[in-house]
2 protein chains.
Amino acid sequence: MTELENYIKSYFGVVEINDIKMIVSLFKITTVKKGDFLLKSDKYCDKLSFVQSGFLRMFASTDDKEITQWISTKGYFSTDLASFIFETKSRWTIQALVDSEIFTITKDDYKKIGDLVPQWNELEKLFLVRCFTILEDRIFTHLSMSAEERYNFFFENNKGLFNQVPLQYIASLLGMTAETFSRIRKKQLL
Amino acid sequence: MTELENYIKSYFGVVEINDIKMIVSLFKITTVKKGDFLLKSDKYCDKLSFVQSGFLRMFASTDDKEITQWISTKGYFSTDLASFIFETKSRWTIQALVDSEIFTITKDDYKKIGDLVPQWNELEKLFLVRCFTILEDRIFTHLSMSAEERYNFFFENNKGLFNQVPLQYIASLLGMTAETFSRIRKKQLL
DNA sequence: TTTTGCTCTTGACAAAAATCAAGAAATTAT
DNA sequence: ATAATTTCTTGATTTTTGTCAAGAGCAAAA
């Protein structure tokens, strides 16, 4: 079983190995270079990306700064979900932080999964509920934790990221400035 | 058409009027008193609530304080989604802020919808994508806005709430203390 | 009506976090 | 290897937000 097969299986629990192989066959592997854009805001997002290796940063620009909403690591998906599903304009820009290997599926091919796997809508729904729950948790951290607590919480669960992507982006996705982030780090080392 | 029928239709877009009537018939109207609990954390959430009138507060307790995650108003749903779908323990407690009329559907009845309306899983998925997007936006406000900006943004979109529920809960769901909230309000009046 | 709780506001102060500016340190390009 | 660029750190300072404590305002209950 390839890695992508394993991930699909663990996220969606599709039981038939042939179904999984069919799904995976709809993804095309591509390599992107550091700095390449997979999506730009205000465009239509017609594909779903899966990170095989590397890191994708999803962000939006405000008047004065870029806000990093999320960084997708190996084994995770990245897309502007609303745009992908409803064909509205994207709110997010997605950019590779390092040279990365990305499995991509187009919206047209994605639709085929629903036609070929009868229980797909149900599995997709369950997957979305898990995503929803993760976002609920993330909101909760902003309502209940200080910057330092958010740092520690995130660090415990994402140690690997810290020496592989610019820290300023992690600071942004945690909702603090790079300076505050740096000071918290210093404190943790003592 | 009853109000609940209208809401179901606008959220899920079910076309057959008979399907909508069937779905609505699975909801039972109940009245709850101010302070009543519809769900307590660590219990299993086996129902989905729809606010016909009144307000429901969803919150969780930390060591030292209660964090209000959301307040559901007329026309919106409230449940511990993860618990409702996966039958895990609830993270949220749900309590009525005032005497309220609530349409409730049990998990058992909810499952019937999927059996009776063929495209239900698909509609449910689309609904969830919209919920997901709303949470994404909410996270973005915490990454990009000050307390005052969050206040103004929320106020513009929820003017009605401010004279109907204790302000401390709105402060909490915006991620600030009641005192900060009060000071921001004073400033806006000048 | 009076009392009893809540809830909200205010002030004084403390702590947390942002801003600005300058340099290190590290990475990338030449 | 060196230069150029980007990223990270640090200090000084300001702004924002939280904490604590007291009191005012309201609403519910006796």
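Residue numbering restarts at 1 for every chain, and letters A, B, ... go by the order of the sequence lines. Remember, it's a predicted structure, so these values are computed and weren't measured experimentally.
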Would you kindly give the CG-to-P distance between B:N163 and D:dG25, to the nearest whole Å?
-> 20 Å

Side chain of B:S146 - closest among C:dA17, D:dT17, D:dT19 = D:dT17

From C:dT7, C:dA17, D:dT7, nucleotide with atom closest to A:Y169 side chain = D:dT7

B:D99 CG to D:dA28 P, straight-line distance once rounded to whole Å | 10 Å

Give me the ring orientation class for A:F103 and A:F50: parallel if the planes are under 30° apart, tilted from 30 to 60°, perpendicular past 60°.
-> tilted

What integer distance in Å separates B:I170:CD1 from C:dT7:C1'?
-> 13 Å

Cluster question for you: counting only ILVMFWY and a side-chain heavy-atom cut-off of under 4.5 Å, with indirect links fine, are A:Y151 and A:I170 together?
-> yes

Report yes if a donor N or O on one partner sits less than 3.5 Å from an acceptor N or O on the other, where the partners are the side chain of B:E179 and the base of C:dC8; otherwise report no.
-> no

Does any donor atom in the side chain of A:R150 or A:T141 lie under 3.5 Å from an acceptor atom in the other side chain?
-> no

Separation of D:dT17 atom P from A:M176 atom CE, nearest Å, is 15 Å

Under 4.0 angstrom, heavy atoms only, what part of the nucleic acid is B:K34 near: base, sugar-phosphate, or nothing?
-> nothing

Roughly how many Å is it from CD in A:E149 to C1' in D:dT17, rounded to a whole number?
-> 15 Å

D:dC8 base to A:Q168 side chain: any donor-acceptor pair below 3.5 Å?
-> no

Nucleotide of C:dT7, D:dT9, C:dT9 approaching B:S182 most closely (side-chain heavy atoms) | C:dT9

Does any donor atom in the side chain of A:Q95 or A:Y169 lie under 3.5 Å from an acceptor atom in the other side chain?
-> no

Picking from D:dT17, D:dG18, D:dT9, which would you name as closest to the side chain of A:L167?
-> D:dT9

Looking only at side-chain atoms of B:R183, point me to the closest of D:dT19, C:dA17, D:dT17.
-> D:dT19

Side chains of B:Q52 and B:E3: donor-acceptor distance under 3.5 Å anywhere?
-> yes

Distance in angstrom units between B:R57 CZ and C:dC6 P, rounded = 14 Å

Here the distance between atom P of D:dT15 and atom CD of B:E148, to the nearest Å, is 14 Å

